[in-house]
Amino acid sequence: MNKVENILKIKGYDKFKCIADKCKFTCCKGWDINVDTNTYNKWREKDNLNYLLDNVRFIKSHRENTYLIKKETKAKCPLLNNEGLCNIVIDHGDEYLSLTCKNFPRIENNFDYVKELTLSCSCPEVVNIISNMKEKVYIDSNDSLSYIEDLGCLKIRESLVNIFQKEDISIENKLILSYDMLFNMLESDDLDYENLIEFLDNYKSKKYIKEELNKYKDYVNKDTIESLKEINSLFIDIIENYRNVPIFKEALKDIYKFAEEINIEKLFKNWKDFNNLFKEYDNLIENCILSKVLSNCVSDDLEEMIILFEMIILEYLLIRHAVFLKYCIKKQISIQDAKDYIVIFSRIIGNNSEAVIEFLLDMFESEIVEVDYICSLTLI
Ligand code: SF4
């Protein structure tokens, strides 16, 4: 008997609508745009579309051949017109768009006969949808996917989601607890499926969670100045290559300059007030993290899963620091700043994860950073 495909969607999925020329972070600029082979062949086979091939470059590699739109990574797509609209859509309709362009910001994950549809926070309209949600983001998946046997990664993701659904734990502690959980699994050497379920069940117990978090309580306010220094230099190193990307320039210019010139002791004076004010955005930021966990944390490889989650933590730290620098300059926080930095760091980290992993390798000689280091940057 044929299996019926079950389609699950993240909350708010059907509300998404691209605002095209009105978008200040258009996805047609600032990164490489892939042309999938099917689309490439459609362009090649139709006489009236042949001219589009002049805009494609071919990259041959030992793993797979890739077609990309011919442009510098930072530059805008040559097919975007001066009104910010796509010439392919105008002249031929969106069925001739490459899959990347047609799908973004939609993300599809397939598990056996279940298709999950989620949205990427790299799109400002998605962040707007999330910011209008009063309740937690969810995908109707936990029960529906439990019948797919042996998919340990979905069980791990379910535990991560459960941690982020909890009401009485701060975001920082949720990040630490989740990272600690993944790290402990790595050290538990090849858990079989039954042992994995048993291990993950621990994280449903309030008592167990309290004990785990107690291990890290000494990091709270331990040396905020040192931690701020470390985050500030991490921030400068990471955005160095992106601060001149045209669509990010405006948002990064003043905070980059400020981060380079500021005396950290002065920054420290603002930290406590900022930290209290920033809590106002907990719901928005937690929902963006949840949305990323649902879209990204689906790897069968535990090390890969840890790196994926590490990227989420890094994004959080950079967003928090960017909003903090803005607060130091303007003496206030605006929801728009928070939303803009969510989009920007989602693109810088999420879409350039290979470059970020290389950066971590250079700095720490490992792609996976120790829990203690994560605590020292997060629990300040
Ligand atoms: S980033 Fe989102 S809203 Fe902006 S152009 Fe792309 S899909 Fe549309």
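Note that ligands are numbered from 1 as they come in the structure, with each ligand's atoms numbered from 1 the same way. Note that the structure is predicted; figures quoted are calculated from it, not measured.
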Please assess K292 against E315 for the test salt bridge (charged side-chain N to carboxylate O under 4.0 Å, His left out), listing each intermediate value before the final yes or no.
-> CA-CA 11 Å; K292 279 169 198 293; E315 258 182 68; 2.7 Å; yes

Are [X] and [Y] close enough for a salt bridge, meaning some N to O gap below 4.0 Å?
X	Y	result
E172	R320	yes
K257	E260	no
K207	E211	yes

Looking only at non-hydrogen atoms, the one of R106, E125, R347 nearest atom 1 (S) of ligand 1 is R347

Could you identify the single nearest non-hydrogen protein atom to [atom] and state the distance to 0.1 Å?
atom	answer
atom 8 (Fe) of ligand 1	C18 SG, 2.4 Å
atom 4 (Fe) of ligand 1	C23 SG, 2.3 Å
atom 2 (Fe) of ligand 1	C123 SG, 2.4 Å

Check S122 against ligand 1 and report side chain, backbone, both or neither, counting heavy atoms closer than 4.0 Å.
-> neither

Within ligand 1, which atoms have a heavy atom of [X] less than 4.0 Å away?
X	value
I19	3 (S), 8 (Fe)
P124	1 (S)
F25	1 (S)

Does the ring centre of F278 sit less than 6.0 Å away from the ring centre of Y327?
-> no

Checking only N/O/S atoms, does C27 have one that is under 2.8 Å from atom 8 (Fe) of ligand 1?
-> no

For ligand 1, is K24 a contact, meaning one of its heavy atoms is under 4.0 Å away?
-> no

Does CD in E198 sit with more than 12 non-hydrogen atoms of other residues, nucleotides or ligands closer than 6.0 Å?
-> no

Examine the side chains of N132 and N128 and answer whether a donor and an acceptor come within less than 3.5 Å of each other.
-> no

